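Notes follow the structure.
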Number of protein chains: 2
Amino acid sequence: MRFEQIMGVTLKELATKLALSPTTVSRALNGYPEVNAQTRQRVLDAARAANYHPNMRAKSLATGQSRAIGHVIPISTSHEIVNPIFADFIAGAGENYSRAGYDMVLSVVPDADEEATYRNLVARGSVDGLMVHGPLLQDSRIALLQGLGIPFMVHGRSSGVNTPYSWLDINNRRSFCRATEFLLDLGHTRIALVNGLESMDFAMRRRSGYLDALHAAGIAPDPMLMRSSEMTEPYGHKAGRELLALPQPPTAFLASSMIVAYGLRRALTDAGLKLGRDVSVIAHDDDLSYMPNGLDVPQFTATCSSVRAAGRKAAEMLLTLVGNPDHPPLTHLMETQLVLGYSTGRNRT
Amino acid sequence: MRFEQIMGVTLKELATKLALSPTTVSRALNGYPEVNAQTRQRVLDAARAANYHPNMRAKSLATGQSRAIGHVIPISTSHEIVNPIFADFIAGAGENYSRAGYDMVLSVVPDADEEATYRNLVARGSVDGLMVHGPLLQDSRIALLQGLGIPFMVHGRSSGVNTPYSWLDINNRRSFCRATEFLLDLGHTRIALVNGLESMDFAMRRRSGYLDALHAAGIAPDPMLMRSSEMTEPYGHKAGRELLALPQPPTAFLASSMIVAYGLRRALTDAGLKLGRDVSVIAHDDDLSYMPNGLDVPQFTATCSSVRAAGRKAAEMLLTLVGNPDHPPLTHLMETQLVLGYSTGRNRT
DNA sequence: TCGGTTTTTCAAACCGCTTTGGGTGATCAA
DNA sequence: TTGATCACCCAAAGCGGTTTGAAAAACCGA
């Protein structure tokens with residue numbers, strides 16, 4: 001034991017100091033009924049005075065619970081991008097974990113090792129529950145975790161997985177459908193979709209929504225207007241330039257993230273177009289703290305949904321699953337808000 | 001014990017299966033010399049066959065080490081921004097942790113509770129070491145952790161703290177000094193600094209570097225040209241607009257982050273200025289995976305330093321500190337690279 | 001062959017907490 | 001007074017590993 005000087009008193013020491021048995025002290029501290037009110041108070045006071053903190057490792061071992069939730073962040077070996085929404089989601093989830101007295105353990109692993117990581121975390125008993133990030137189409141992790149029998153939540157969903165599982169997602173499809181409808185209402189018919197990687201489930205759903213709206217309006221989708229890649233500013237810029245260079249350029253654009261919208265805006269204004277007048281843009285806004293949609297008034301018309309709030313909610317749900325492991329799967333679908341900004345207007349071409 | 005079905009065999013079971021004592025099995029698995037080579041092999045084979053994974057909680061309790069590193073992310077209650085470089089730093093650090101068999105435990109806490117969080121983490125024995133993020137001027141956390149006697153690393157430094165401690169930082173001062181010198185060489189004399197919050201240590205150092213260069217060139221700094229705030233795109237935009245509206249607008253700009261540079265660029269191009277020709281911009285580029293400086297060629301002239309690499313290195317250093325707790329403080333100063341992009345050019349005013 | 005090493009193995013204590021299965025004394029109804 | 005009932009407390013046995021101290025086995029030279 002290396003840090004004994006700082007690791008504080010043990011329960012046993014506290015017990016001898018109080019002339020009580022460890023049993024009673026433990027019970028007093030954990031709120032069990034079979035202990036005298038006065039005794040309990042005495043114990044609580046002494047614990048506070050001695051600055052007693054139970055050793056989590058020992059507690060874990062004895063109870064069989066680790067009071068920790070695992071988050072596994074896959075780092076794709078091909079395109080090494082760390083999902084930027086991750087930080088805000090974590091922040092939201094973390095709030096609820098710490099409130100409930102849970103730790104969060106993070107594993108950053110190349111996607112090849114992901115399965116082994118999950119197995120390890122569970123087998124070593126390091127976590128009581130798991131959060132799954134960035135689900136792909138037909139994500140194999142879901143079946144894996146169901147096999148391991150540990151409570152878990154998916155942030156997003158995985159099309160193609162048909163067994164029930166717990167998830168929290170935004171209504172990407174409806175969201176992009178509405179945004180597209182809104183642009184159609186404004187008279188736009190050539191609408192571009194500047195999407196994220198379509199191996200990601202959310203991107204696929206957004207495309208579906210976009211296609212739904214076009215279809216309902218009797219407009220045949222033009223493959224030239226649909227782009228998909230890792231969401232960065234330069235990508236948005238490049239997509240914008242290339243789309244404008246088409247023989248029949250689009251008059252409106254859907255951007256799958258704020259940062260893509262930044263790049264898109266640059267391409268459009270570089271071409272001398274004014275957003276909202278000459279061309280329309282709707283962005284999806286995850287409400288990331290460091291990427292606000294304007295300072296006070298929203299710059300972009302946007303489909304808004306706070307990732308931070310999603311993290312909070314997902315954590316809350318996961319904790320109830322951990323609390324009652326036999327609980328049936330919990331799901332939660334969040335609608336986005338379509339908020340009007342200065343980036344959309346009637347089609348005047 | 002809730003997950004016994006998945007928690008696999010215990011060492012004791014493995015031992016009886018092998019007709020050996022737990023002692024021997026433990027030693028064989030942990031590579032102690034006092035065990036016959038054949039026996040060791042037999043044990044290793046059996047362990048693999050039985051899919052044995054030692055229970056970390058038990059191991060922790062017995063050894064007094066948790067094999068986990070804590071990262072505490074402060075969420076300022078006033079301006080609730082999650083540091084965007086955090087995700088990439090974590091990704092880098094996580095690589096080294098998992099390679100070394102360490103877990104990473106994350107605590108997201110409002111800055112008011114920060115001290116209590118550190119105390120708890122240590123007292124409960126949840127971590128063997130701590131990483132401190134986002135140091136402020138005279139950051140009180142350093143003294144706190146030194147008092148607690150646990151190994152820790154600071155990502156960045158804290159001016160005003162004079163006791164030695166372990167840190168990894170980039171040479172912010174030199175970096176911004178060089179960038180300023182470069183702009184001076186190009187004939188710019190009115191150079192704006194669009195900085196981060198100057199309660200943050202890094203921002204203060206960048207300003208020092210900027211001032212150093214101006215001073216060496218005999219140019220009196222103009223307070224109107226120095227801005228400081230939370231680093232977002234709208235902030236960059238606003239700063240750019242306001243700076244251009246000055247009676248004597250600057251001809252060059254230093255931006256403390258890529259995203260600020262995005263906003264700055266927008267303000268400048270909106271004003272009809274072309275970067276590199278009419279006006280110059282140098283950005284600091286943390287090489288965040290989702291915020292690249294251009295697709296193939298760098299757009300902005302930038303002071304570059306990979307936060308991901310910093311995370312890797314900091315983790316490595318922290319792990320050696322954890323390995324030998326009596327090791328004197330470890331420090332590492334990384335220089336940035338000044339990379340030429342298309343955003344700088346001779347002053348033609 | 002034998003005492004002395006060296007190698008290999010083991011029984012048992014321990015890490016700090018929880019929890020089972022009694023005890024003890026007080027209270028109460030009969 | 002007595003047996004039953006409670007309220008309260010405790011000793012001891014875990015949880016799943018590591019580690020100490022000692023014993024057994026194998027090896028060695030004389």
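Naming convention: chains lettered A, B, ... in sequence-line order (proteins, then strands); numbering from 1 in each chain. Small disclaimer: the values here were computed from a predicted structure and weren't measured.
- In this structure, H155(B) has no side chain to side chain donor-acceptor pair (under 3.5 Å) partners at least two apart in sequence or on a different chain.
- Although no hydrogens or angles enter the test, the distance criterion places a donor-acceptor pair under 3.5 Å between the side chain of Q146(B) and the main chain of P164(B).
- A sub-4.0 Å separation between OP1 or OP2 of dG16(C) and a side-chain N or O of K59(A) is absent.
- With N83(A) contributing its side chain and I85(A) its backbone, the two residues share a donor-acceptor pair below 3.5 Å.
- One can place CG of L11(A) at 6 Å from P of dT18(C), the figure rounded to the nearest angstrom.
- Across the protein-nucleic acid pair, N36(A) atom CG and dG25(C) atom P stand 16 Å apart, rounded to whole Å.
- Residues from residues 18-31 of chain A with heavy atoms under 4.0 angstrom of DNA chain C, sorted by number: T23(A), S26(A), R27(A), N30(A).
- Between Y52(A) and dC17(C) there is a side-chain polar atom (N or O) within less than 4.0 angstrom of OP1 or OP2.
- Ranked by how close their nearest DNA chain C nucleotide is to the 5' end, A37(B) and A58(B) are led by A37(B).
- A donor-acceptor contact shorter than 3.5 Å links the side chain of D128(B) to the backbone of R67(B).
- The pair E316(A)-R312(A) does not count as a salt bridge, with every side-chain nitrogen at least 4.0 angstrom from each carboxylate oxygen.
- A close approach under 4.0 Å does not occur between any side-chain nitrogen or oxygen of T39(A) and OP1 or OP2 of dC8(D).
- Spacing between atom NE2 of H53(A) and atom C1' of dC17(C) amounts to 16 Å, rounded to whole angstrom units.
- Remark: side-chain polar atoms of R119(B) are not paired, donor with acceptor, to backbone N or O of L144(B) under 3.5 angstrom.
- Looking at S158(B), its side chain does come within 3.5 Å of a backbone N or O of Q138(B) through a donor-acceptor pair.
- If you measure from atom CD of Q65(B) to atom C1' of dT18(D), you get 12 Å, rounded to the nearest angstrom.
- Under a 3.5 Å cut-off, the side chain of S98(A) and the backbone N or O of G94(A) do form a donor-acceptor pair.
- For Y32(A), no side-chain nitrogen or oxygen approaches OP1 or OP2 of dT18(C) to under 4.0 Å.
- For the pair R57(B) CZ and dG17(D) P, the interatomic distance rounds to 10 Å; values are reported in whole Å.
- For A62(A), counting side-chain heavy atoms from C-beta on, the closest listed nucleotide (dT9(C), dG17(D), dC17(C)) is dC17(C).
- The interatomic distance linking L61(A) (CG) with dT18(D) (P) rounds to 12 Å, in whole Å.
- Between the P atom of dG23(C) and the CD atom of E34(A) lies a distance of 17 Å, rounded to the nearest Å.
- If you measure from atom CG of N55(B) to atom C1' of dG16(D), you get 6 Å, rounded to the nearest angstrom.
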Annotated structure of DNA chain D as dot-bracket, pair cut-off 3.5 Å, Watson-Crick or G-U only, | for inter-strand, is ||||||||||||||||||||||||||||||
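- F89(B) has its ring centre less than 6.0 Å from the ring centre of H133(B).
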